[in-house]
Peer 1: 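Have a look at the structure that comes next, please.
If you're wondering where the values come from, they're calculated on a predicted model, not measured in any experiment. Residue numbers begin at 1 in each chain, while the letters A, B, ... track the order of the sequences.
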Number of protein chains: 2
Amino acid sequence: MNALSSDARLSLYQRLRDRLAQQIANNQWRPGDAIPTEAALSTEYQLSTGTVRKAVDALVNEGILERKQGRGTFVRRPQFQSSLFRFFRFQTAAGERQVPESRILSIEPVLAPTAVAQALELPADAPVIRIVRVRLLDAQPILAEQIWLPRARFRALLDINLGQEGPLLYPIYEKVCGQVVAYAEETLTAESVDEVHARLLQVPVNSPVVVIERLARDYAGAPLEWRRSRGHAELFRYSADVR
Amino acid sequence: MNALSSDARLSLYQRLRDRLAQQIANNQWRPGDAIPTEAALSTEYQLSTGTVRKAVDALVNEGILERKQGRGTFVRRPQFQSSLFRFFRFQTAAGERQVPESRILSIEPVLAPTAVAQALELPADAPVIRIVRVRLLDAQPILAEQIWLPRARFRALLDINLGQEGPLLYPIYEKVCGQVVAYAEETLTAESVDEVHARLLQVPVNSPVVVIERLARDYAGAPLEWRRSRGHAELFRYSADVR
DNA sequence: GAGTGGTCTAGACCACTCA
DNA sequence: GAGTGGTCTAGACCACTCA
């Protein structure tokens, strides 16, 4: 048996939701782990199953947990790969979807420029790591990315050969640095491409490109990564439901 | 007392959700109307309040209903104006948000081109109405729109002076034609602007523009309107959460 | 003060999973 | 067959709204 400590003005299911979210943020359960069953939680916190379900429902709706009937409730491993496909229709000539290759151009310790420090909620000139890379499909560059990471959490990245890892960074962050990306906020705009990115993307200067800024956070809501990507406008397509 | 008719393999709350959605689609309740109270629904369908709540919860999550504690549950009037602001940061020099003016360039009965017929789920060459207009802020054109409507439902639009109405079309659809937009699907891309739209938007040919395609549907899910809008890339900004 | 949605209880029975 | 989440009941009490 256990007591819910947070603000007693909140409802019981809200307080249980907060407690569970906090335990996930503290790595008490890792992505892929099962959390206690609904029966166990209702015994532990002396709540009815309906109230426990409401707390778990909230975290399921937030994308933090997922239920599997007959098996249990699990901490969700975010599927950023599919989110990438939502934004870009990267396809081979045969029309197949595939993860674009990654070519790392540079990775180096630098001091955070103002905009980066602000996005990562760090003091001005804080130590960060900057990665520049290009994503390719069929040897064709389709996306140019600048990535910024707080150096305190990601120092281990500087000691490995990033080029020898797979094209997806988030599994590397987890394996090498123990940092798990829980969710992200993205902002989309478009612009005329400048000379530097025109060369990287092999398109004419001033052709239209889509600009995606992404701030990734951990389960506790702390900023983990800020990136700005530029991509071919013709390859870009984003869909949304509006109500 | 009343019986739920739809597929008995579905759960009770799903079937009640479907029944309520169907009644809203049939205009049994209009936007702004209250639906019966939870107690009334639970008597009418012989269901416990928990089950009724689950059905109503589903429609609230879909954005079709909204609850107001102490007052009742209401059919939601979609707030497309705010969705517009999600996509474009239209601001006056003073930084205030405002609805852009509308200047109608043409409204005429035509036969649907293939792409339009397909989007509106009409046969090829079906009769439609095409509206071309420009949206302006501080007398500056910021958005050029082509709008297509099925003529059978919107014939009354041809008999009024659209230029004398307000800048928002959806209230006009409702008032003049009795057609209510329930939700919409939007797709975003970017491109280099062609000569025609460069002139409309008063930007240089080949400068980057954002292209938004929107298919609006009624509560029954039938297509009501298809539009394609082109806007200044510098004025465009879209945000999304990714999990 | 009557009526509304919001939270919560203490279960029962079911469908699904897995050894 | 034991354990899990999914659905459902029949309420109780509360906070809020409005005449």
Peer 1: Passes side chain to side chain donor-acceptor pair (under 3.5 Å), B:Arg135 versus B:Ser102? Steps please.
Peer 2: CA-CA 5 Å; B:Arg135 311 291 300 269; B:Ser102 165; 4.9 Å; no

Peer 1: Counting side-chain heavy atoms from CB outward, which of C:dG11, D:dG5, C:dG5 is closest to A:Thr49?
Peer 2: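 Nearest nucleotide to the side chain: C:dG11.
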
Peer 1: To the nearest angstrom, how far is B:Leu10 atom CG from D:dC8 atom P?
Peer 2: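 Those two atoms, CG and P, are 10 Å apart.
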
Peer 1: What's the CG-P distance between B:Leu65 and C:dG6, to the nearest Å?
Peer 2: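 Interatomic distance, CG of B:Leu65 to P of C:dG6: 12 Å.
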
Peer 1: Whole-Å distance between D:dA10 C1' and B:Leu47 CG?
Peer 2: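 Distance, rounded to whole Å: 12 Å.
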
Peer 1: Check this one for me: any side-chain N or O of A:Thr51 less than 4.0 Å away from OP1 or OP2 of C:dC8?
Peer 2: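 Checking A:Thr51 against C:dC8: no side-chain N or O falls below 4.0 Å of OP1 or OP2.
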
Peer 1: Across all strands shown, which nucleotide pairs with C:dT17 by Watson-Crick or G-U wobble geometry, both distances under 3.5 Å?
Peer 2: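 Across any shown strand, C:dT17 pairs with D:dA2.
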
Peer 1: Send over the distance from B:Phe74 CZ to D:dT17 C1', rounded to a whole Å.
Peer 2: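 In whole Å, D:dT17 C1' lies 10 Å from B:Phe74 CZ.
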
Peer 1: Any strand is fair game: report the nucleotide pairing with D:dG11 by Watson-Crick or G-U wobble, both distances under 3.5 Å, or none.
Peer 2: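 In the structure as shown, D:dG11 has C:dC8 as its Watson-Crick or wobble partner.
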
Peer 1: Can you check whether B:Ser48 has a side-chain N or O nearer than 4.0 Å to OP1 or OP2 of D:dC8?
Peer 2: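 B:Ser48 to D:dC8 OP1/OP2: no side-chain N or O under 4.0 Å.
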
Peer 1: Is any side-chain N or O of A:Lys54 closer than 4.0 Å to OP1 or OP2 of C:dT7?
Peer 2: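 Checking C:dT7 against A:Lys54, a side-chain N or O does come within under 4.0 Å of OP1 or OP2.
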
Peer 1: Taking OP1 and OP2 of C:dG3, is either one under 4.0 Å from a side-chain nitrogen or oxygen of B:Arg71?
Peer 2: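 For B:Arg71, the contact criterion (side-chain N or O under 4.0 Å from OP1 or OP2 of C:dG3) is not met.
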
Peer 1: Rounded to the nearest Å, what distance is computed from the CZ atom of residue B:Arg53 to the C1' atom of nucleotide C:dC8?
Peer 2: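 Rounded to whole Å, this separation is 11 Å.
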
Peer 1: For A:Glu145, run the salt bridge (charged side-chain N to carboxylate O under 4.0 Å, His left out) check against A:Arg227, A:Arg228, A:Arg103 and tell me which one passes.
Peer 2: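 Result for salt bridge (charged side-chain N to carboxylate O under 4.0 Å, His left out) with A:Glu145: A:Arg227.
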
Peer 1: D:dC13 C1' sits how many Å from B:Gln69 CD, rounded?
Peer 2: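 Spelled out: CD on B:Gln69 to C1' on D:dC13 is 13 Å.
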
Peer 1: Count the heavy atoms belonging to other residues, nucleotides or ligands that lie under 6.0 Å from CD of A:Gln118, then report whether that count exceeds 12.
Peer 2: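 Open.
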
Peer 1: For a side-chain contact (heavy atoms from CB on, under 4.5 Å) with A:Tyr173, tell me which candidate from A:Leu157, A:Leu224, A:Asp218 qualifies.
Peer 2: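 Only one option passes, and that is A:Leu157.
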
Peer 1: Let me spell it out: for each of A:Ser11 and A:Lys68, pick the nucleotide of DNA chain C with the closest heavy atom. Which residue's pick is nearer the 5' end?
Peer 2: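 Going by which nucleotide is closer to the 5' end, it is A:Ser11.
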
Peer 1: Within less than 4.0 Å of OP1 or OP2 of D:dT4, is there a side-chain N or O belonging to A:Arg67?
Peer 2: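 The answer is no; no side-chain N or O of A:Arg67 sits under 4.0 Å from OP1 or OP2.
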
Peer 1: Among C:dT7, C:dG6, D:dG5, which is the nearest nucleotide to the side chain of A:Thr73?
Peer 2: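 Nearest nucleotide to the side chain: D:dG5.
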
Peer 1: CZ of A:Arg67: more than 12 outside heavy atoms within 6.0 angstrom?
Peer 2: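 Correct, the count exceeds 12.
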
Peer 1: Assign each of B:Leu12 and A:Thr37 to its nearest nucleotide of DNA chain D by heavy atoms, then name whichever residue's nucleotide is nearer the 5' end.
Peer 2: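 Its nearest nucleotide being more 5', the pick is A:Thr37.
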
Peer 1: Roughly how many Å is it from CZ in B:Arg76 to C1' in C:dG5, rounded to a whole number?
Peer 2: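 Distance, rounded to whole Å: 18 Å.
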
Peer 1: Nearest whole Å is fine: how far is D:dT7 P from B:Arg15 CZ?
Peer 2: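 Answer to the nearest Å: 14 Å.
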
